[in-house]
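Within every chain, numbering begins at 1; the chains are lettered A, B, ... in the order of the sequence lines, protein sequences first and strands thereafter. In this text, all values refer to a predicted model and were calculated from it rather than measured experimentally. Values reported hereafter were calculated over all heavy atoms of this structure, with side chains retained and with hydrogens, waters and symmetry mates removed.
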Amino acid sequence: MEADRSNREGLMGWLNPGRYGWERVSYWLQRLTGVGLLAYFIGHVFETSSLTQGPDAWAAMLELTQTPLGHTILLLVIGMSTYHSANGIRLIFAHGGKGLGKPGRPDYPYDAVSLNYRQKSGIWIALILAAVAMLYGASVLFGGE
Amino acid sequence: MTEQVIEKIESMEKKREKEKHGKETIRSSVVLKIYRANKRAGEQPHYDSVEVPVQRWTTVLDALLHAKQYKDPSIGIRYSCRMASCGSCGMKINGIPRLACYTKVSELEGSTVTVEPLANFPHIRDLVTDFAQFFSHHHDVKPFVQNENADIKDKNKLSEFMQSPEDLDKFLQFSYCIKCGLCYSACPTVATDTKFPGPQALSQAYRYFIDNRDNATKDRINIVDDKHGIWRCHFAGSCSSVCPKGVDPALGIQLLRGHMLGFSKNEKKIADLQDRLRKDEEAKQ
């Protein structure tokens, strides 16, 4: 019997990450922040390249970032980079098999050892660090004169 | 000592049962929202709602079979053992891949249970999917012990493969895989890359890689060391969270990658080097 090949979730599978637990949320955030940081990197290269067109062009470009929208984007970049770095360090170790526990003899209710408290704590630490960095960033960006 | 351990286990089980029953909701009936489609016969995808009576112990498979027996015999469903051993009745239940025979209706929230075919598997009809590609990935990782030193043709030369309980524990949990495909369906990489072997096949690669009876280490690493191979796993952990047998495929994949990256000691390689050194010394003497 010929099967219908169009049953892949594709990128739609990324939606509703909460249904598989914190590790899936972390995966989703890591990818999202990665894409966000790549977009920022491209924008940043474009911004700094204005230096080649003289001081006036550079000053005009800088003015764009000195607006509430510019500050909000920078705040998001602070949060994204902090989360991506902290969670990335956790993932480097996890990808090397560190901090995951040892294989054993599974017993009911078959909780997975790799989805342990160390991994969950790592995700929470990354989220808290990102929130703290964003709060500090907000106090500097929006709290000044 | 043994009695203390048994007591501890019993108290843990009682606590867990209490927690579990606390989450259960007792209902007299539920509405099954069943995905129906048979594109080959021109039937477009839609959902049929069927109300079925349930008890506290009724599983989703029991409810589906009741619907099939008394309401609509045309419901397409694959099942066999009814005891989470064969892995045939995998389906998405309320959006999460689960075994229908291993999921009690009372454990689910709401009075409607939505059942859909497993995602990322080619769809055949209603709740039935095609496992050909999934089994092909499993086949590709050569899921059997390979040992060139074992002369299985000459019976007189046959000898035992020695293995300690500690050696067994390194791979035993991965050998409990029933190939139900739930991990494959939950994996976000499989959802976007058809060539990715998936959590099941990769965890089986580790199962044989770490088995001290197997000596095809290089071959096994070459199979998974591909741009669509093990490096595409990003440890979303969804495979392990849906596995009904505690196989924990994510653990196997990360441990295998740890060996490939040099994070972990390759005991087989060390044993091989020690053996070569011993032979060299013997030759010198």
Side-chain angles (χ1 to χ4, degrees), chain A residues 1-34 84 87-116 118-120 122-123, chain B residues 13 16 20 37 39-40 94-96 117-125 128-130 132 169-174 176 185-188 190-192 194 206 210 233-259 261-264:
Chain A
M1 185 181 284
E2 198 180 322
D4 170 21
R5 301 275 142 192
S6 61
N7 194 31
R8 283 195 181 265
E9 279 193 319
L11 290 176
M12 294 296 282
W14 285 23
L15 299 174
N16 190 9
R19 62 188 159 155
Y20 294 115
W22 280 106
E23 291 77 9
R24 182 69 171 249
V25 174
S26 140
Y27 162 84
W28 183 73
L29 283 174
Q30 188 75 2
R31 303 226 113 187
L32 217 60
T33 52
H84 200 83
N87 193 48
I89 292 167
R90 173 187 75 87
L91 285 173
I92 288 170
F93 285 103
H95 283 193
K98 299 294 174 195
L100 297 169
K102 281 183 178 176
R105 302 191 178 210
D107 203 357
Y108 185 82
Y110 306 126
D111 293 328
V113 292
S114 67
L115 311 180
N116 55 35
R118 281 178 291 226
Q119 296 304 318
K120 285 184 173 60
I123 296 166
Chain B
E13 278 179 353
R16 205 177 276 279
K20 212 176 170 195
K39 287 188 184 167
R40 204 165 167 244
N94 285 356
I96 297 172
L118 285 177
N120 305 333
F121 284 89
H123 184 240
I124 297 174
R125 187 169 82 87
V128 185
T129 48
D130 181 5
D169 281 350
K170 286 176 188 163
F171 69 84
L172 186 68
Q173 79 173 68
F174 305 107
Y176 287 154
S185 179
C187 176
V190 171
T192 50
T194 49
Y206 180 70
I210 204 69
C233 167
H234 303 290
F235 190 40
S238 312
C239 50
S240 296
S241 77
V242 298
C243 179
K245 303 303 282 184
V247 171
D248 200 353
L251 176 66
I253 299 169
Q254 310 322 312
L255 291 176
L256 178 56
R257 190 156 43 191
H259 278 280
L261 291 169
F263 273 61
S264 312

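Options A:M12, A:E23, A:Q30 differ in how many heavy-atom pairs under 4.5 Å they form with chain B, and the most are formed by A:E23. With chain A as the partner, the residue from B:P188, B:G252, B:G258 showing the most heavy-atom pairs under 4.5 Å is B:P188. Between chain A and the residues B:C243, B:A186, B:G262, B:A37, the most heavy-atom pairs under 4.5 angstrom are made by B:A186. Interface remark: of the candidates B:K245, B:K170, B:R257, B:R257 forms the most heavy-atom pairs closer than 4.5 Å to chain A. Of the residues considered (B:S185, B:G237, B:C233), B:G237 shows the highest number of contacts with chain A, using heavy-atom pairs under 4.5 Å. Listed options A:G96, A:G104, A:G101 were ranked by heavy-atom pairs under 4.5 angstrom with chain B; first place goes to A:G96.
At a threshold of 4.5 Å between non-hydrogen side-chain atoms, the residues B:L251 and A:P103 count as touching. A 4.5 Å side-chain heavy-atom check between A:S114 and B:F235 finds at least one atom pair inside the cut-off. With contacts defined as side-chain heavy-atom distances shorter than 4.5 Å, the pair A:R31/B:H234 qualifies. The shortest side-chain heavy-atom distance between A:R105 and B:Y176 does not fall under the 4.5 Å cut-off. Counting heavy atoms from C-beta on, the side chains of B:P122 and A:N7 never come closer than 4.5 Å. Looking at B:L255 and A:K102, their side chains never come closer than 4.5 Å, going by heavy atoms from C-beta outward.
Interface residue A:Y27: only side-chain heavy atoms are found under 4.5 Å from chain B. Heavy atoms of B:P249 lying under 4.5 Å from chain A are absent altogether. Contact annotation for B:T129: only side-chain heavy atoms (C-beta onward) come within less than 4.5 Å of a heavy atom of chain A. Within the 4.5 angstrom heavy-atom criterion, only side-chain atoms of A:Q119, from C-beta onward, approach chain B. Neither the backbone nor the side chain of A:D107 comes within less than 4.5 Å of any heavy atom of chain B. For a residue to count as touching a neighbouring chain, one of its non-hydrogen atoms must lie under 4.5 Å from one of that chain's; by this rule A:L11 touches chain B with backbone and side chain alike. Looking at B:V128, neither its backbone nor its side chain comes within 4.5 Å of chain A, counting heavy atoms on both sides. For B:F171, no part lies near chain A; criterion is any non-hydrogen pair under 4.5 Å. Contacts of B:L118 with chain A are made by backbone atoms alone, with heavy-atom separations under 4.5 Å and no side-chain atom involved.
Atoms OH and OG, on A:Y20 and B:S240 in that order, are 13.0 Å from each other to the nearest 0.5 Å. Distance NE2/A:H95 to CD1/B:I253: 10.0 Å, rounded to 0.5 Å. Note: A:L100 CG to B:D248 CG = 8.0 Å, rounded to the nearest 0.5 Å.
In this structure, the side chain of A:R24 does not engage the main chain of B:S241 through any donor-acceptor pair within 3.5 Å.
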Kindly indicate, with the supporting measurements, whether the criterion side chain to side chain contact (heavy atoms under 4.5 Å, CB included) is fulfilled by A:R8 and B:T192.
CA-CA 7 Å; A:R8 283 195 181 265; B:T192 50; over 6 Å; no

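In terms of heavy-atom proximity, A:P106 sits nearest to B:Q173 at CD-CB, 3.4 Å. Listed here is the closest heavy atom pair of B:Q254 and A:A94: CB-O, 3.2 Å.
Other residues, nucleotides and ligands place no more than 12 heavy atoms under 6.0 Å from the CZ atom of A:F93.
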